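Working notes, beginning with the structure itself.
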Amino acid sequence: YARALEDAGLSVRRTDVAPGFVDLLRAGGYDADVIDPLHDDLADPARPGERYDGVWASGSLLHVLRTDLPAVLRRLAEVTRPEGLLRLGVKEGRGEAWSTHGRVSAPRHFVFWREEPLREALEHAGWRVVALERTKSTSNEGWLNVAARRG
């Protein structure tokens, strides 16, 4: 996704909480930073004092604990300009689980979301949902894909 955004003329900051994924990006020739969105400074060191125009978090924040997601969403809103965009994709469902399916063989923790609690978390964090779409993955898993604006 980052490459497609750059091809469209946008500036992108690649980040991940997992050092292994950041190492893979760097090995591929990309600048990338290890960032814990709950605790680390989210400001872009390459653009001091500037807010982000948007945040692309499709399939990444689904690993954040349910109790921590509101704080992460609030912190992302704080570093995004007014009316800036958020693209968020999480798995639809109830509860949480560990999984080893897909392209990554290491166990990963997933938090599943229902529409209303997700909308509430976004709105309380300073985001206004402008679109929510339900999709299915190739393995028939339900996803909630959200577009939101910083309110």
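Residue indices begin at 1 and follow the sequence shown. Values in this document were obtained by computation on a predicted structure and should not be read as measured data. Hydrogens, waters and symmetry mates are skipped; everything else that's a heavy atom, side chains included, is used.
- Put simply, OG on S11 and CG on D53 are 8.5 Å apart, with the number rounded to the nearest 0.5 Å.
- Counting only distance, with no hydrogens or angles, the side chain of W143 and the backbone of S137 share no donor-acceptor pair below 3.5 Å.
- Atom CD of E92 is separated from atom OG1 of T135 by 9.0 Å, given to the nearest 0.5 angstrom.
- With R75 contributing its side chain and P37 its backbone, the two residues share a donor-acceptor pair below 3.5 Å.
- Shortest non-hydrogen contact noted between A148 and W127 is CB-CB, 4.0 Å.
- The number of heavy atoms from other shown groups lying within 6.0 Å of CG (D31) does not exceed 12.
- With salt bridges taken as basic N to acidic carboxylate O contacts below 4.0 Å, one links K91 and E141.
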Review point. Can you check side-chain contact (heavy atoms from CB on, under 4.5 Å) on L76 and L42, steps first, answer last?
Key: CA-CA 8 Å; L76 290 171; L42 301 179; 4.0 Å; yes
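- At least one side-chain heavy atom of V130 sits less than 4.5 Å from a side-chain heavy atom of R149.
- Nearest heavy atoms, A125 versus A77: O-CB, 3.4 Å.
- In this structure, V64 is a member of the same hydrophobic cluster as L88, with clusters built from ILVMFWY side-chain heavy atoms closer than 4.5 Å.
- Residues R134 and E115 are paired through a salt bridge, judged by an N-O separation under 4.0 Å between the basic side chain and the carboxylate.
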Practice item. Please step through side-chain contact (heavy atoms from CB on, under 4.5 Å) for the pair R87 and N145, ending with a clear verdict. Key: CA-CA 7 Å; R87 177 73 160 119; N145 298 295; 3.0 Å; yes
Check your understanding: Could you go step by step and tell me if V111 and L69 meet the side-chain contact (heavy atoms from CB on, under 4.5 Å) rule?
Key -> CA-CA 10 Å; V111 176; L69 187 64; over 6 Å; no
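- For the pair E83 and R128, the salt-bridge criterion is met [side-chain N within less than 4.0 Å of a carboxylate O].
- D33 and T15 are not linked by any side-chain donor-acceptor pair at a separation below 3.5 angstrom, with hydrogens and angles left out of the test.
- In this structure the side chain of I35 never reaches within 4.5 angstrom of the side chain of D16, judged on heavy atoms.
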Review point. Are D40 and V34 close enough, and set up right, to give a side-chain contact (heavy atoms from CB on, under 4.5 Å), and what steps lead you there?
Key: CA-CA 9 Å; D40 292 341; V34 176; 5.6 Å; no
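- Proximity of a side-chain donor or acceptor of R150 to a complementary backbone N or O of T80 within less than 3.5 Å is detected.
- Counting heavy atoms from C-beta on, the side chains of F110 and E96 never come closer than 4.5 Å.
- The main-chain N or O of W98 is never found under 3.5 Å from a side-chain atom of R108 such that the two would form a donor-acceptor pair.
- Looking at every heavy atom in both residues, A43 comes nearest to R13 through O-NH1, 3.1 Å.
- One hydrophobic cluster, built from ILVMFWY side chains closer than 4.5 Å, cannot hold both V17 and V12; they sit in different ones.
- Atom NE2 of H109 is surrounded by more than 12 heavy atoms from other residues, nucleotides or ligands within 6.0 Å.
- Applying the under-4.5 Å side-chain rule to Ile, Leu, Val, Met, Phe, Trp and Tyr, the cluster around Y30 extends to L25.
- Between the side chains of R47 and Y52, no donor-acceptor pair of N or O atoms lies under 3.5 Å.
- Linking ILVMFWY residues whenever their side-chain heavy atoms come closer than 4.5 Å, directly or via other members, places L38 and V90 in the same cluster.
- V72 and L86 end up in the same hydrophobic cluster when Ile, Leu, Val, Met, Phe, Trp and Tyr side chains are linked at under 4.5 Å.
- L118 and L85 fall into different hydrophobic clusters, where Ile, Leu, Val, Met, Phe, Trp and Tyr side chains are chained together by heavy-atom contacts under 4.5 Å.
- In terms of heavy-atom proximity, P117 sits nearest to R114 at CD-O, 3.4 Å.
- Judged purely by atom type and a 3.5 angstrom limit, R14 has no side-chain atom pairing as donor or acceptor with the backbone of V22.
- Judged by the 6.0 Å distance and 45° axis criteria, R66 is positioned over the aromatic ring of W113.
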